[in-house]
2 protein chains.
Amino acid sequence: MATTDENRPARPAGRPRSAKAEKAIIEATLDLISESSGISDLSIEAVAARAGVGKTTIYRRWSNKEDLVVDALAVLKAPLPPVSGRSVREDLITYLEVMRREAGDARSRCVMNIVMNEGDRHSRMVERIRQATVRPRQEALEALLRRGVETGELRADLDLPIAMAMVVGTVMWYAKSAGFGEAGADAGSLPETLAERLADHLLSGLTPR
Amino acid sequence: MATTDENRPARPAGRPRSAKAEKAIIEATLDLISESSGISDLSIEAVAARAGVGKTTIYRRWSNKEDLVVDALAVLKAPLPPVSGRSVREDLITYLEVMRREAGDARSRCVMNIVMNEGDRHSRMVERIRQATVRPRQEALEALLRRGVETGELRADLDLPIAMAMVVGTVMWYAKSAGFGEAGADAGSLPETLAERLADHLLSGLTPR
DNA sequence: ATAATACGAAACGGGGCCGTTGCGTATCGG
DNA sequence: CCGATACGCAACGGCCCCGTTTCGTATTAT
């Protein structure tokens, strides 16, 4: 009978990698990505400096910038909350509320920026991010809208792509516009009641009922 | 009586600057900006190469990258078409049609990308672009919506910021989503009837009437 | 203690782009 | 023709970042 490590992976003798350093690197990467525009602007040296870490420590863990970015963004993948299913309106508000909250966070916002703007330059990476982050949300919203059409809560001739664009686009654009006023200022979070008011306008439309 | 140049600005003797070169530089700049993400990626050397021009020729006209970008983007400022004023629906479709067409053009799209993503890094330049390009459209749309509320064509309790976000955000997001399917492929232009269908969903909402 | 590994710091050669300068040529006015 | 200016081209020194290597030190298992 050996030590307590009997049949565990057998740590490979030597100083173990610092979990703290890894955390600091990921954090620094997220900060710098959200401050920068585009991942081309992101430099490993800047990450190392911000994280208080040697470049060696980064290259020991990730072989290139792309891998680092993917791992860093993976941290942000907050799972979608479950929906009650009681009504389309209620579930829509739930999703809108998630988007409202995320739109107020620079780190979450940069995921969309990357997916939207860097599809050409880093198609493999963006595709990975899309599959992990965007796709599930897209499908959840689509399912909600389809259900609404079936139950009659939504109009029978609903144009699904348009409806999806209305929901997501409106939130995103509202968040962007809110940041326009004060240049650079982050505009922080959006009004508490935004999700509900958005749902109201989206469902009822702009004309009087 | 002197020459025919009597009281004209008196051309400053010497070879005049080539209008063709200037045109080529602007074109190359627009191309490269729309291919690149962020103006940090844009390099003067690349512009010169693409335009078939010496760097000297660029620096002789613009003292820095920012000035060049502003001048280049100014070319895209297609003026807004006049609206008939017959109905809010009709005018809304007119504006949506403009946006649809522009959303299919990479060069026009990059203006919005820049305004949205680079506000922090190049606030002075972005503000100039916003004033020249975004602001007038914003005001035109706002005027249209206000008029609609007054005439009763739009709901009296319309939330203006939300309504604006709905109109613009939906088009933008739809265009983006359309480009998602095929990675890198430009998705070209959007369906002919899009503007009308968008107007219908925006005005009537997602629920049955 | 010793071997193995990780750490931060510093330096390396290489590449890209900066903004400038010099060169030979082309195109204008006088 | 002559002076002036613009042109394309190539080269410059400088900066930043790349990805790698070397160094001295720290932390672990044996």
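Values below: all heavy atoms of this structure, side chains included; hydrogens, waters and symmetry mates excluded. Chain letters run A, B, ... following the sequence lines, proteins first and then strands; every chain starts at 1.
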Of all residues at least two apart in sequence or in a different chain, which pass the side-chain contact (heavy atoms from CB on, under 4.5 Å) check with M172(B)?
-> W173(A), M112(B), V168(B)
Here the salt bridge (Lys or Arg N to Asp or Glu O under 4.0 Å) pairs for residues 17-26 of chain B, sequence neighbours left out, are E22(B)-R61(B)
Go through the structure and list residues passing side-chain hydrogen bond (donor to acceptor under 3.5 Å, both in side chains) with T94(A), not counting sequence neighbours.
-> none
Nucleic acid contacts - residues 14-24 of chain B versus DNA chain D, non-hydrogen atoms under 4.0 Å = G14(B), R15(B), P16(B), R17(B), S18(B)
Contacts of K55(A) meeting salt bridge (charged side-chain N to carboxylate O under 4.0 Å, His left out) (sequence neighbours excluded), chain-then-number -> E45(A)
By side-chain hydrogen bond (donor to acceptor under 3.5 Å, both in side chains), which residues pair with E196(A), not counting sequence neighbours?
-> none
By side-chain contact (heavy atoms from CB on, under 4.5 Å) - contacts of R86(B) (at least two apart) = S84(B), E90(B)
Taking CD1 from I39(A) and P from dC18(D), how many angstroms apart are they, rounded to a whole number?
-> 13 Å
Sorted by chain and number, sequence neighbours left out, side-chain contact (heavy atoms from CB on, under 4.5 Å) with E192(B) holds for R100(B)
Contacts of type side-chain hydrogen bond (donor to acceptor under 3.5 Å, both in side chains), residue S40(B), not counting sequence neighbours = D41(A)
Starting from P on dC18(D), measure out to CD on E66(A) and report it in whole angstrom.
-> 14 Å
Verify the contact: side-chain N or O of R61(B) to OP1 or OP2 of dT5(D), cut-off strictly under 4.0 Å; return yes or no.
-> no
Using a cut-off of 4.0 Å between protein heavy atoms and nucleotide atoms, how would you tag nucleotides 13-23 of chain C 5' to 3' with B, S and -?
-> ----BBBBB--
Kindly write out the residues that satisfy side-chain hydrogen bond (donor to acceptor under 3.5 Å, both in side chains) with R197(A), not counting sequence neighbours, or none if the list is empty.
-> T193(A), D159(B)
Pair assignment for DNA chain C - dot-bracket with | for other-strand partners, Watson-Crick or G-U under 3.5 Å = ||||||||||||||||||||||||||||||
Lys/Arg N to Asp/Glu carboxylate O, E66(B) vs R124(B), below 4.0 Å = yes
